[in-house]
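Step one of this worksheet: look at the structure below.
Numbering of residues begins at 1 and proceeds along the displayed sequence.
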Amino acid sequence: MKAITENLLTNWDFMRWLRLGLAIFIGMQAIELHDPLAGMIAAFFLFQVITNTGCCGSAGCAVPSTKQPETHTDSVDYEEIKSPKK
């Protein structure tokens, strides 16, 4: 239970606030217009806010911030091939 509360209260960035605003706005419209589809969309955005995920998962679309050093140190040996003279 502590992990859920900790996840809900930390890492609030612009996209998370935007999703919360959309969830509230679309949810209010769904109640006012009696629209179940809008209610499902609002619930989807609210789920993303609560779990701090996007469409790709938590930072699923992010580029890794650190580069991994190349461990490939094999050298390539070249062999010269001569064609016969005519």
Side-chain angles (χ1 to χ4, degrees):
M1 186 69 178
K2 183 179 179 182
I4 294 171
T5 319
E6 186 176 309
N7 187 28
L8 186 61
L9 299 176
T10 58
N11 298 331
W12 281 83
D13 57 350
F14 174 74
M15 285 305 295
R16 198 167 178 187
W17 284 107
L18 181 66
R19 286 187 199 110
L20 180 62
L22 284 171
I24 292 170
F25 177 75
I26 295 172
M28 290 172 46
Q29 292 296 312
I31 292 170
E32 185 178 312
L33 300 174
H34 302 288
D35 187 5
L37 179 61
M40 287 187 277
I41 293 171
F44 175 70
F45 279 118
L46 191 60
F47 173 77
Q48 287 183 334
V49 169
I50 292 170
T51 59
N52 194 20
T53 58
C55 294
C56 298
S58 181
C61 296
V63 177
S65 60
T66 58
K67 278 190 158 185
Q68 298 294 330
E70 286 191 29
T71 57
H72 189 274
T73 56
D74 295 338
S75 63
V76 178
D77 294 328
Y78 294 99
E79 182 179 330
E80 186 176 337
I81 300 174
K82 295 182 179 181
S83 62
K85 288 189 177 183
K86 290 186 178 183

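Taking each heavy atom of L20 and V49 in turn, the nearest pair found is N-CG2, 3.3 Å. Summarising the geometry of R16 relative to I50, their closest heavy-atom pair is NH2-O, 3.8 Å, with the distance given to 0.1 Å. Summarising the geometry of G39 relative to A30, their closest heavy-atom pair is N-CB, 3.4 Å, with the distance given to 0.1 Å.
Hydrophobic clustering keeps L37 apart from M28 (ILVMFWY residues linked when any side-chain heavy atoms are closer than 4.5 Å, directly or through intermediates). In terms of hydrophobic clustering, with Ile, Leu, Val, Met, Phe, Trp and Tyr side chains grouped at heavy-atom distances under 4.5 Å, I24 and W17 are assigned to a common cluster. Residues L22 and M15 share a hydrophobic cluster, clusters being chains of Ile/Leu/Val/Met/Phe/Trp/Tyr side chains in contact below 4.5 Å. A continuous path of Ile, Leu, Val, Met, Phe, Trp and Tyr side chains, each step under 4.5 Å between heavy atoms, connects F25 with M40, placing both in one hydrophobic cluster.
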